*Asks:* 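Got a structure for you, written out below as structure tokens; questions coming shortly.
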Amino acid sequence: MHRTVELRLGLLAVIITLGLLLYAASVEEERMAREATAQQACAVEVGAGLYDQHCRTCHGADGQGVGQLGPALNERHFFTQRLQEVGWAGTLEEYVSATIALGRVVATRPLYAGDGVVVMPAWSQAFGGALRPDQIRALTAFVLNWRATALGEVTLLTLEIPRVRLDDPQIIAQGQEVFVTAGCGRCHTVAGLSDGAIGPDLSRVGALAATRKADTNADQYLRESILIPNAYFVQGFEEIARENMCGGILSEEQLDMLTAFLLSLH
Amino acid sequence: MRSWKLLPLFLSHLHDGWYALKHLSFAGINFQELRAILQDEPPTRHPSPRLLAHVLSFLLHMRPRYYLKGSTPFTYTFRLGYFTVFFFFLEIVTGLFLMVYYVPTPEKAYLSIQHLTSSVPLGALMRDIHRFAAEAMIVCVLLHMVRTFVTASYKGVRRLTWVTGVALLVITLGLGFSGYLLPWDQLAYWAITIGTSMAEAVPLIGREVNLILRGAPEIGEAGLLRFYLAHVVLLPFLAILVLGVHYYRVARLHNISLPPPLEEGDLPAPIREEARQRVPFIPDVLFHEMALASIALCSVIAICLFVYDAPLEHHADPQHTPLHTEAPWFFLWVQGLLKLGDKQLMGVWVPIGIFLLLFALPYLDRNPRRLVRHRPLALLLGTLFILAMGVFTYMGTHYYGIEMPTVVRIGQDWAPEEGVGILHTIPYDDLVVGAYFFNRTDPGTLPPTLARAWTALEERINAAAARGDLPDAWAVLLIEERQRDLKRITLRIGTSGEDSAYERVLYIHRWRNGDTSSFASPAVSPIPSSWDSPLSTPSH
Ligand code: HEM
């Protein structure tokens with residue numbers, strides 16, 4: 001190739017290179033913003049998977065909380081008042097990631113007892129847990145992503161898929177077992193099964209449940225009675241209930257089974 | 001003092017400045033000489049400043065004063081050695097930039113790469129260039145080796161040049177391998193785990209070799225630091241040192257070889273005479289190289305801006321082996337060999353043997369002739385060797401010799417853990433919340449993108465069933481909304497014969513591509529009233 005041709009091509013390439021760099025610099029702000037968004041989105045996706053694996057047993061599949069096992073994380077209170085309540089000086093993000101990393105030795109609210117072994121285990125590998133720092137970051141991103149629904153900015157479309165079918169005889173049988181082992185029979189009578197007399201007779205509760213509370217269906221009412229005994233008092237039991245609560249340490253799965261069992265009592 | 005009194009002083013400075021400018025020279029080449037060069041005129045002084053430059057300047061003294069005309073055609077060397085140096089230089093420049101932001105610890109490495117690409121202006125471009133140039137450098141080294149083999153430039157006085165070349169090949173592969181680990185994502189972690197696992201098979205000292213490489217039984221904090229230091233200190237220094245020797249032998253001792261026909265063919269004397277003419281380094285070679293460099297740089301930047309994206313998978317997870325773990329592509333041939341047999345033989349002795357063979361080639365091939373027709377055996381063996389390496393490389397990929405259940409393969413195509421699957425290509429809003437049942441959901445009710453994916457899935461399962469792979473298969477696709485802008489997709493495939501169904505859960509965030517412009521209200525598709533067990537129980 002002749003030298004002048006080479007020279008011109010070379011110069012042209014230099015000019016195009018400069019042009020490319022200028023172009024790259026001019027769209028860089030926007031590109032970085034996109035990249036940051038994508039990274040955040042990816043963290044939420046990863047966090048969701050980890051949540052299913054490690055947290056849903058105590059905090060519920062949708063962060064709605066499970067009885068005394070763990071509080072709700074998807075509610076307004078958590079996003080608006082929780083920091084003042086515990087006197088946390090940092091941000092909610094720091095609070096969440098610190099909580100996940102460290103767990104809780106003592107609950108800040110006596111209602112939440114954890115699963116009977118720990119209140120909430122420490123998750124950080126630094127404190128003997130199972131999760132790496134990047135996983136804790138991802139979980140934090142996921143938990144904080146409940147903000148929009150918690151504040152009522154959007155409502156999700158729900159696909160009502162019961163985890164178990166409440167009319168499945170096998171589930172009902174398992175529920176009966178839970179009823180016995182959880183000691184419900186100490187206070188409740190179920191014909192042919194137990195004769196506890198402190199709480200109401202549950203022999204026909206499957207039929208009654210739907211009629212107890214105005215805007216609550218049978219299934220919901222039963223779950224609530226077990227989890228939050230003070231939400232509604234059966235007539236005549238107001239006094240007794242203050243001293244004797246239903247409760248018991250139940251997993252979400254056990255709760256499903258119990259509900260199926262109680263619903264079958266007609 | 002009045003200011004006009006300063007005028008003579010100012011003028012004299014001006015004069016000095018002009019004088020200095022006129023006599024300003026780089027390596028003995030001043031303005032006049034530069035003008036003469038650019039206008040294709042003969043040197044302005046004697047002895048020629050163009051030759052003197054090589055004596056005066058440190059940098060230029062490394063380059064030869066002239067090339068022989070016969071060795072300069074582009075199609076003879078393809079400038080592959082030059083391009084290798086070019087990419088190596090690019091690696092050093094971009095590498096220094098990356099070093100400013102990179103943190104070599106398992107806690108911070110991945111984060112620092114994320115930070116680099118999302119918060120450092122032009123950081124992603126630098127990373128793309130660094131990764132691209134690394135692969136290009138390896139490709140160039142390999143082709144360069146093939147070129148010097150084909151033109152038989154490794155004979156006689158150039159034997160040691162070849163040997164230093166193979167040393168450079170080893171160092172280049174080492175640079176690529178050590179750099180591969182640094183992003184600390186799944187790709188990096190498992191490729192290097194596979195790559196270093198061979199070390200265990202070394203007899204007697206396998207455990208020690210492995211420990212020295214990894215710093216611990218598993219790659220972790222110590223291993224990452226070792227790879228990092230090898231990548232930024234040890235190997236670059238070695239490369240520069242050996243490159244010095246290699247290039248000294250080419251440039252100062254023996255010059256680039258003439259093409260075989262010019263050296264030993266029966267071409268007429270005038271042509272051979274002409275081939276021995278000298279092409280001066282300044283200006284001919286220098287300008288040619290500068291033009292090549294600027295064109296190459298321009299292409300690399302364009303490719304990295306518009307085509308190439310350095311991969312970054314999910315964070316490294318020692319607890320979770322991805323479905324396909326592959327060594328870096330330039331070591332796939334070892335993985336391919338491993339599928340053929342014993343770990344010690346195929347993973348240690350054969351690769352070592354191959355490199356020893358390469359080192360010893362100039363001493364094994366005693367045939368002094370260079371013309372193609374005089375070395376049929378060498379060229380035949382060389383071709384077979386290259387073909388074999390190609391086949392081993394293919395065998396190293398997951399396409400060869402890995403049995404995977406049909407359902408797993410389907411899951412991998414629709415919802416892979418890394419990268420983009422068919423479900424990822426559906427626009428977020430087209431992922432209509434609902435439950436979809438094999439051979440029952442009417443695709444006509446779905447958005448076209450989802451319908452296409454769903455029909456393709458049904459066809460795929462039907463095809464497998466027809467082959468007898470998935471007898472009586474059923475499948476369910478659940479799309480749920482978990483949070484704002486976050487959907488969970490569950491793909492469940494089962495056969496009537498088996499107790500448990502295959503299940504793959506995938507989360508998709510609306511903005512996973514960083515594109516925040518799309519916004520529309522989601523829709524629900526109703527669950528048919530007669531839905532049955534595949535939905536409610538994971539086990540069928
Ligand atoms: C980092 C890697 C390497 C670099 C930077 C490099 C650089 C160079 C350069 C700049 C030349 C001048 C001629 C040309 O551009 O083709 C050259 C020549 C040569 N290289 Fe390399 N090289 C490398 C690796 C290798 C390898 C792997 C081999 C073979 C195993 C090799 C064998 C040779 C030989 C035999 C010559 C002399 C060619 C001749 O005289 O025609 N080099 N090298």
Side-chain angles (χ1 to χ4, degrees), chain A residues 1 3-14 16-17 20-21 23-25 28-29 31-42 44-49 52 62-63 74 130 132-135 137-138 142 145-149 153-154 156-165 168, chain B residues 38 40 74 106-107 110-111 114 117-125 283-284 287-288 290-299 301-302 305 314-315 317 433-435 478-486 488 505-516 522-524 527 533 535-537:
Chain A
M1 234 189 310
R3 197 156 71 242
T4 46
V5 180
E6 263 171 5
L7 217 62
R8 283 186 196 146
L9 275 179
L11 267 176
L12 186 68
V14 170
I16 298 179
T17 307
L20 285 174
L21 287 177
Y23 161 76
E28 189 64 358
E29 280 293 316
R31 194 204 57 76
M32 289 196 301
R34 269 206 315 275
E35 179 68 33
T37 308
Q39 285 175 7
Q40 181 71 15
C42 173
V44 173
E45 288 176 2
V46 171
D52 283 353
D62 291 310
N74 68 352
R132 299 185 308 267
D134 61 290
Q135 293 176 311
R137 248 177 278 126
F142 173 73
N145 199 39
W146 264 311
R147 169 174 259 119
T149 37
E153 289 165 9
V154 287
L156 301 181
L157 291 158
T158 48
L159 193 60
E160 285 296 339
I161 309 164
R163 282 167 305 278
V164 296
R165 292 178 61 179
D168 183 338
Chain B
L38 291 177
D40 241 342
F74 188 83
E107 288 81 47
Y110 186 82
L111 199 63
Q114 284 194 319
T117 51
S118 69
S119 322
V120 178
L122 297 186
L125 179 65
D284 297 61
F287 278 107
H288 176 68
M290 279 163 52
L292 283 187
S294 52
I295 293 171
L297 184 66
C298 181
S299 321
I301 292 183
L305 277 180
H314 286 116
H315 193 285
D317 186 351
V433 171
L478 288 179
I479 302 180
E480 298 162 89
E481 203 174 22
R482 281 301 301 280
Q483 284 181 338
R484 177 170 73 180
D485 302 325
L486 183 71
R488 174 167 61 192
V505 175
L506 181 72
Y507 279 95
I508 291 194
H509 193 284
R510 179 193 292 273
W511 295 338
R512 70 193 318 273
N513 298 321
D515 183 9
T516 52
V524 193
I527 299 189
S533 53
L535 253 187
S536 52
T537 47

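Only a predicted model underlies this, so the values are computations on that prediction, with no experimental measurement involved. Reminder, nothing fancy here: chain letters follow the sequence lines and each chain counts from 1.
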*Asks:* Could you tell me whether the side chains of A/Glu6 and B/His288 share a donor-acceptor contact shorter than 3.5 Å?
*Replies:*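 Present: a donor and an acceptor within the cut-off.
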*Asks:* Quick check on A/Leu12 against chain B: is it the side chain, the backbone, both or neither that has a heavy atom closer than 4.5 Å?
*Replies:*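 Neither part.
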*Asks:* Rounded to the nearest 0.5 Å, what separates atom CD in B/Gln114 from atom CD in A/Glu35?
*Replies:*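 Rounded to the nearest 0.5 Å, the CD-CD separation comes out at 8.0 Å.
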*Asks:* Take B/His314 and A/Val46 through the side chain to side chain contact (heavy atoms under 4.5 Å, CB included) test and state the conclusion after the steps.
*Replies:* CA-CA 9 Å; B/His314 286 116; A/Val46 171; 3.6 Å; yes
*Asks:* Measure the NE2-CZ distance between B/His509 and B/Arg484 for me, rounded to the nearest 0.5 Å.
*Replies:*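 Atom-to-atom, B/His509:NE2 and B/Arg484:CZ are 8.0 Å apart.
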*Asks:* Could you go through B/Asp485 and B/Arg512, starting from their C-alpha distance and side-chain angles, then the distance that decides it, and tell me whether this counts as salt bridge (charged side-chain N to carboxylate O under 4.0 Å, His left out)?
*Replies:* CA-CA 10 Å; B/Asp485 302 325; B/Arg512 70 193 318 273; over 6 Å; no
*Asks:* For B/Phe287 and B/Leu38, run side chain to side chain contact (heavy atoms under 4.5 Å, CB included): C-alpha distance rounded to whole Å, both residues' side-chain angles, the deciding distance at 0.1 Å, then the answer.
*Replies:* CA-CA 10 Å; B/Phe287 278 107; B/Leu38 291 177; 3.8 Å; yes
*Asks:* Any chance you could measure B/His315, atom NE2, to A/Cys42, atom SG, to the nearest 0.5 Å?
*Replies:*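 Reported value, rounded in 0.5 Å steps: 11.5 Å.
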*Asks:* Of the backbone (N, CA, C, O) and the side chain (C-beta and beyond), which part of A/Arg8 lies under 4.5 Å from a heavy atom of chain B, both, or neither?
*Replies:*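 No part of it gets close to chain B.
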*Asks:* Is it the side chain or the backbone of B/Leu506 that comes within 4.5 Å of chain A heavy atoms, both, or neither?
*Replies:*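 Interface part for B/Leu506: neither.
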*Asks:* Any side-chain to backbone donor/acceptor pair from B/Glu481 onto A/Leu157? Under 3.5 Å, distance only.
*Replies:*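 Here the side-chain-to-backbone pair exists.
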*Asks:* With chain B, which of A/Ala36, A/Ala48, A/Gly49, A/Ala33 has the greatest number of heavy-atom pairs at distances under 4.5 Å?
*Replies:*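 Looking at each of A/Ala36, A/Ala48, A/Gly49, A/Ala33 in turn, A/Ala48 comes out on top.
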*Asks:* Mind ranking B/Ile508, B/Leu125, B/Val505 by heavy-atom pairs under 4.5 Å with chain A and telling me who comes out on top?
*Replies:*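 The residue among B/Ile508, B/Leu125, B/Val505 with the greatest pair count is B/Ile508.
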*Asks:* Where does A/Asn74 contact chain B at under 4.5 Å (heavy atoms): side chain, backbone, both or neither?
*Replies:*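 Answer is neither: A/Asn74 stays 4.5 Å or more from chain B.
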*Asks:* Could you look at B/Ile295 and say if it's the side chain, the backbone, both or neither that has a heavy atom under 4.5 Å from chain A?
*Replies:*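 Both backbone and side chain.
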*Asks:* Could you tell me which of A/Thr37, A/Asn145, A/Thr149 has the largest number of non-hydrogen atom pairs under 4.5 Å with chain B?
*Replies:*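 Option with the greatest count: A/Asn145.
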*Asks:* Count the heavy-atom pairs under 4.5 Å between each of A/Glu29, A/Gln40, A/Arg137 and chain B, then report the option with the highest count.
*Replies:*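 The residue among A/Glu29, A/Gln40, A/Arg137 with the greatest pair count is A/Arg137.
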*Asks:* Hey, which of A/Leu21, A/Leu20, A/Asp62 has the most heavy atom pairs under 4.5 Å with chain B?
*Replies:*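 Heavy-atom pair counts peak at A/Leu20.
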*Asks:* Among A/Ala41, A/Ala24, A/Gly10, who wins on heavy-atom pairs under 4.5 Å with chain B?
*Replies:*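 Highest number of pairs under 4.5 Å: A/Ala41.
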*Asks:* Find the distance between CH2 (B/Trp511) and CD (A/Gln39) and round it off to the nearest 0.5 Å.
*Replies:*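 The CD atom of A/Gln39 is 15.5 Å from CH2 of B/Trp511, to the nearest 0.5 Å.
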*Asks:* Looking only at heavy atoms and a cut-off of under 4.5 Å, which of B/Gly123, B/Ala293, B/Ala302, B/Pro283 has the most pairs with chain A?
*Replies:*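 The answer is B/Pro283.
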*Asks:* Tell me, side chain or backbone of A/Leu156 under 4.5 Å from chain B's heavy atoms, or both, or neither?
*Replies:*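 Backbone plus side chain of A/Leu156, per the 4.5 Å heavy-atom cut-off to chain B.
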*Asks:* Could you pull out the closest heavy-atom pair between A/Gln135 and A/Ala130, with the gap in Å?
*Replies:*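 Closest pair (atom of A/Gln135, atom of A/Ala130, distance): OE1-O, 4.1 Å.
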*Asks:* Let me know if B/Ala296 has heavy atoms under 4.5 Å from chain A in its side chain, its backbone, both or neither.
*Replies:*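 No part of B/Ala296 comes within 4.5 Å of chain A.
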*Asks:* Between A/Met32 and B/Ser118, does the side chain to side chain contact (heavy atoms under 4.5 Å, CB included) criterion hold? Intermediate values first, please.
*Replies:* CA-CA 5 Å; A/Met32 289 196 301; B/Ser118 69; 5.6 Å; no
*Asks:* Tell me, for B/Leu122 versus chain A, whether the close heavy atoms (under 4.5 Å) come from the side chain, the backbone, both or neither.
*Replies:*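 Both backbone and side chain.
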*Asks:* Any idea which of A/Arg34, A/Glu153, A/Arg147, A/Glu45 has the most non-hydrogen atom pairs under 4.5 angstrom with chain B?
*Replies:*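 Heavy-atom pair counts peak at A/Glu45.
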*Asks:* Pick whichever of B/Asp317, B/Ile301, B/Asp284, B/Leu297 has the most heavy-atom pairs under 4.5 Å with chain A.
*Replies:*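 Highest number of pairs under 4.5 Å: B/Asp317.
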*Asks:* Give the C-alpha distance, both sets of side-chain angles, the deciding distance and a yes or no for side chain to side chain contact (heavy atoms under 4.5 Å, CB included) between B/Leu486 and B/Tyr507.
*Replies:* CA-CA 7 Å; B/Leu486 183 71; B/Tyr507 279 95; 4.0 Å; yes
*Asks:* Is A/Phe142 in contact with chain B via its backbone, its side chain, both, or neither, using a 4.5 Å heavy-atom distance?
*Replies:*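 Both parts, backbone and side chain.
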*Asks:* With a 4.5 angstrom heavy-atom cut-off, could you sort out which part of B/Thr117 is near chain A: side chain, backbone, both or neither?
*Replies:*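 B/Thr117 touches chain A through backbone and side-chain heavy atoms alike.
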